[in-house]
Each structure stands twice: as structure tokens, then as C-alpha cells.
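Input: a single structure, listed below in C-alpha cells.
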Protein chains: 2
Amino acid sequence: MTGQVRTVDGRVAGRRGQETRQKLLDCLREMLSTSPYRDVKVIDVARMAGTSPATFYQYFPDVEGAVLEIAEEMAEDSVGLKELVEGKSWAGKTGFATSEEVVDGFLAFWRKNDAILRVVTLGAAEGDKRFFKIRMKVLNSVVAPLTEAVRNNQGKTDKTVDPAAIAGALVSLLASAAEHQKAFTSWGVKVKDLKPNLALQVYLGVAGKKPPK
Amino acid sequence: MTGQVRTVDGRVAGRRGQETRQKLLDCLREMLSTSPYRDVKVIDVARMAGTSPATFYQYFPDVEGAVLEIAEEMAEDSVGLKELVEGKSWAGKTGFATSEEVVDGFLAFWRKNDAILRVVTLGAAEGDKRFFKIRMKVLNSVVAPLTEAVRNNQGKTDKTVDPAAIAGALVSLLASAAEHQKAFTSWGVKVKDLKPNLALQVYLGVAGKKPPK
DNA sequence: AACTTGTCCTGTCATGCCGTCAGCTTACCG
DNA sequence: CGGTAAGCTGACGGCATGACAGGACAAGTT
């Protein structure tokens, strides 16, 4: 399927090698969530994994290369987010419940992977195609089905709105809110109130009208 | 006012020193917009400025310290964004025009400072208080007056919406759209269509109803 | 013009991380 | 038990960091 795991110099990795490799990835993950990306050093990751820097370079070209690995794994996970939207009803109260579940699921996913997503977001913003692609995969798992939902609801009544633009904007908003939740609390929005408010925005965007009380 | 400019070791900088300092900041700015943040090195900045690394360390503790300087300057600039919203009308067609101007002005500002804002965004997401504060200053210059606008329009008719949450969400969306404009084009949203769509969202959020055709 | 003073810059150095390689150790297999 | 490939690391040259002391420079003083 994905081909064999290979070292930088072309050897195929066996059981033990894969374990080491994985340990390095795990430690890098940990490292990313505790120190600024700029300060993550190969030597620290290696030390934490109880191995030497030379070993790190056997499996990854550099820190960025290893980060991409982690990011790709996460992007693979993200396809599960599709199910938050696909085949769900947007009518009346059920619709609002759908909206709440989308917000909840998306925020939870982002929170769980916040460290790696920060780096992906940075890389994408800096114009790195590999990171951009990964970020799109994550966002698309929600944007794609959500675009359909918009098209099937308010989209057909109002020709002036672009379903893709609406869906994209909503998911961008969710991503931003997840990454910078503290900003909202600093604006006086209670943590408990954030999700309902986001859910409201999503419902409004999809259904084109206020939810039933 | 802001006190005298001082070197790291406490000397006050004179005319020549300030020039060198400024040149270093300019080169750092340039550097940030051409290479990934992680790869920006003191030695490169110094070389570009036609001076030595030691000189850089006379004026800044490290790269981050210099970046903060640039960011603070930009945050100072950002207060001008207030005028995009303050005292503007949100009624009917004029209201939609206001909305368009907000979007336009905000995107232009972000675009102009995108390199430094990327780093600020990263720092804030990583939990660095200094970057967080700077980011809030920039966003607040729009969020604060926009919150008022929301309160004065749809806020008074519908008690369930939190004006701060709406305004914060809208500005978060604008920031996200500015930083990742390419994502929208990849969703099939034409560059020309992005601004009108964002303006629509802003108008909807503030006025609570669709704009007049 | 020589001197003084304080600013400004850089050569140099110790330290530490990067990235590579040769070579040693370990595991597996016939 | 010997061969073979995988796995790991010590060691090394190279480069960035960050500190310091001393030299260059500008501007005023005598």
C-alpha cells in the first residue's frame, strides 16, 4: 500500500527500526507541544527518545521532514470528520443539533492536534506546498460535505451566495476559533458560550435563517 | 514618550546607532517575507545589513526580540483600522458599502504586513503572552467598534446573540481569509468573489439580515 | 592640531547544534 | 556458526550563537 518504510540511505526498516522511528516521532510530537517550533532541535528530540542525533538523521532528512510525517498521519485521521456533516439533516431543531455536533467535533479534533496543526498552519501561510496540501485535506474533510449542505439548503433559494465560499468561510472560522480560543475569552466570551455561538453561525450559514427557538 | 532607544548593554543609541538598528529591522522584515521563520538566522540578517552578527546583538537580545519590535510597530499602525468601522452607518445599501470597506481595509492591512503577522499569529497560538497581546491589539482595533455596531443593530432585537462573539468571529474570519487566501481559491472561489462574499458575511453578522439587492 | 569622551562596530573566542560517515553491534537466517 | 543486512553511535568539520574587549569614529574642548 504505502510502500515499505525506508531509511534516508535507502535501507528498508525492520521491526526494531520502525519502533525507534515511531519513538522519535512521538517525542517530536511531545516537543512541539511544549516548546516553540523555532526552538525544537534535533538533539533534544533524540535525547528525549534516548538515542543519538545520528539516529534521527537515519529516518528523517530534518525536523521539517519529520513534522510532515506527523502531519500526514493527522491528515489521514481527519477524514473521519466528514461524518460530522455527511448525510445529516439541517431541518429545524435537528439541524441546529447537527450544527452543534460539527462545531464540537471540529474543535475537539483541532484541540487534540493543536501543536502539529500550528506548524501546518504556519507552513501553509508561508507558502509551502506540502503543508498547504495537508491543511487543505483537513479542512476539506468538512468543507466538501458542508458545501453540499449549503447548496442543498439556502443555496438553491439565493443565487447570490456561493456555497463554496460560505462553507470555506465557516470552516476557516472554526479553525481560527480553535487555534485562538483565548482571544475569544479575552473579548469577554465565556468558554461555555463560544460553542453555541459558533454553532449559530454555522446554522445561519447553512440554513440561511435563524434556528427555531 | 517611549523613552530613548537603548542598546542591550544599556547605552543610549545616537543618530548613527539608530540608523544601523533600523537597517537591521528592515532587513529582518525582508528576511521574514522571503524565508521560513524557522530558518531566519541572525547572521543572514546581519550580512544583508552589511554589518556583523555582533552588531545585531548590541541592539536585540535575539531574533525573537527584534521580531517583537517590528510587531509592536505594526500594532501601532493598526489602530488606524478603527476608522473603518467607527461612526459608520449600517443601514441599507450604505451599510453594505461599509461592510465592503471594512473587508477591503482589513485585508489590505493584513496583506501589507503578512510576514510579520504570520509570526505574531504563531507566537500567539503557542501561548506567548507578548505576541498574544500584539495580536489582540490588531484585532481589537476592529473588534471593539464592530462589537458596538452589532450591539446597536441586530443585538438589540435578539437577546440570544452575544455581540462580542459575533464581532470576534467575523474578525477571526477576516484574519483567516487574509492569511490563507489561497485556500479559498482552491475551493473554487475566485479572487474577485472573495471580498463580496466576506462582505456579505460581515453585513449578515452585523445587521442580522440579508442586504438590500 | 592634539586631546578627550562617549558612541559604534567588529575580530575573536568558547560553546553548542547540524549533518555526515565509518565502523561497531545486533538480529536474523541458512 | 558464519554471513548478511539492519541498527546505532562516536567523532568530526562546519556553521550559528552570544559575549567581550579593544579599535575606529564623530564631535566637541583646549
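We name chains A, B, ... by the order of the sequence lines, and we start the count at 1 in each one.
If you find the closest nucleotide of DNA chain C to A:Pro53 and to B:Pro53, the one lying nearer the 5' end belongs to B:Pro53. Where A:Phe56 and B:Asp62 each meet DNA chain D at their nearest nucleotide, the meeting point lying more 5' is that of A:Phe56. For the pair B:Lys41 and B:Arg15, both in contact range of DNA chain D, the more 5′-proximal nearest nucleotide belongs to B:Lys41.
Rounded to whole Å, the distance from CG on A:Asp39 to P on D:dT17 is 12 Å. Note: CZ (B:Phe60) to C1' (C:dC8) measures 15 Å, nearest angstrom. To the nearest angstrom, C1' of C:dG19 lies 15 Å from CG of A:Leu24. B:Arg16 places its CZ atom 13 Å from the P atom of D:dA24, with the value rounded to the nearest Å. Distance CZ (B:Arg21) to P (C:dC9): 12 Å, rounded to an integer number of Å. Atom C1' of nucleotide C:dG23 and atom CD of A:Gln58 are separated by 13 Å, given to the nearest angstrom. Atom NZ of B:Lys23 is separated from atom P of C:dC8 by 15 Å (rounded to the nearest Å). Rounded to whole Å, the distance from CG on A:Asp9 to C1' on D:dA5 is 12 Å.
Considering CE of B:Met31 and CG of B:Leu25, their distance stands at 14.5 Å, rounded to 0.5 Å.
Side-chain contact check for B:Gln201 and B:Asn197: no donor-acceptor pair (N or O, by modelled atom type) lies under 3.5 Å. Checked by atom type, the side-chain pair B:Asn152/B:Trp90 shows no donor-acceptor distance below 3.5 Å.
Comparing D:dC20, C:dC8, D:dG18 against the side chain of B:Ala54 picks out D:dC20 as the nearest. Of all nucleotides listed (D:dA6, C:dC18, D:dT17), D:dT17 comes nearest to the side chain of B:Ile43.
Checked against side-chain contact (heavy atoms from CB on, under 4.5 Å), A:Asn113 has the following partners two or more places apart in sequence or in another chain: A:Arg29, A:Met74, A:Phe109, A:Ile116, A:Leu117.
Within the 4.0 Å cut-off from OP1 or OP2 of D:dG7, not a single side-chain nitrogen or oxygen of A:Thr20 is found. Side-chain nitrogen and oxygen atoms of A:Tyr57 include none within less than 4.0 Å of the OP1 or OP2 phosphate oxygen of C:dT20. A sub-4.0 Å separation between OP1 or OP2 of C:dT10 and a side-chain N or O of B:Thr51 is present. Within the 4.0 Å cut-off from OP1 or OP2 of C:dT10, at least one side-chain nitrogen or oxygen of B:Thr55 is found.
Here A:Arg11 lies in heavy-atom contact (under 4.0 Å) with a base. Within 4.0 Å (heavy atoms only), B:Tyr59 reaches sugar-phosphate atoms of the nucleic acid but no base atom.
The stretch residues 19-62 of chain A participates, sequence neighbours left out, in these ring-ring contact (aromatic ring centres under 6.0 Å, His included) pairs: A:Phe56-A:Phe60.
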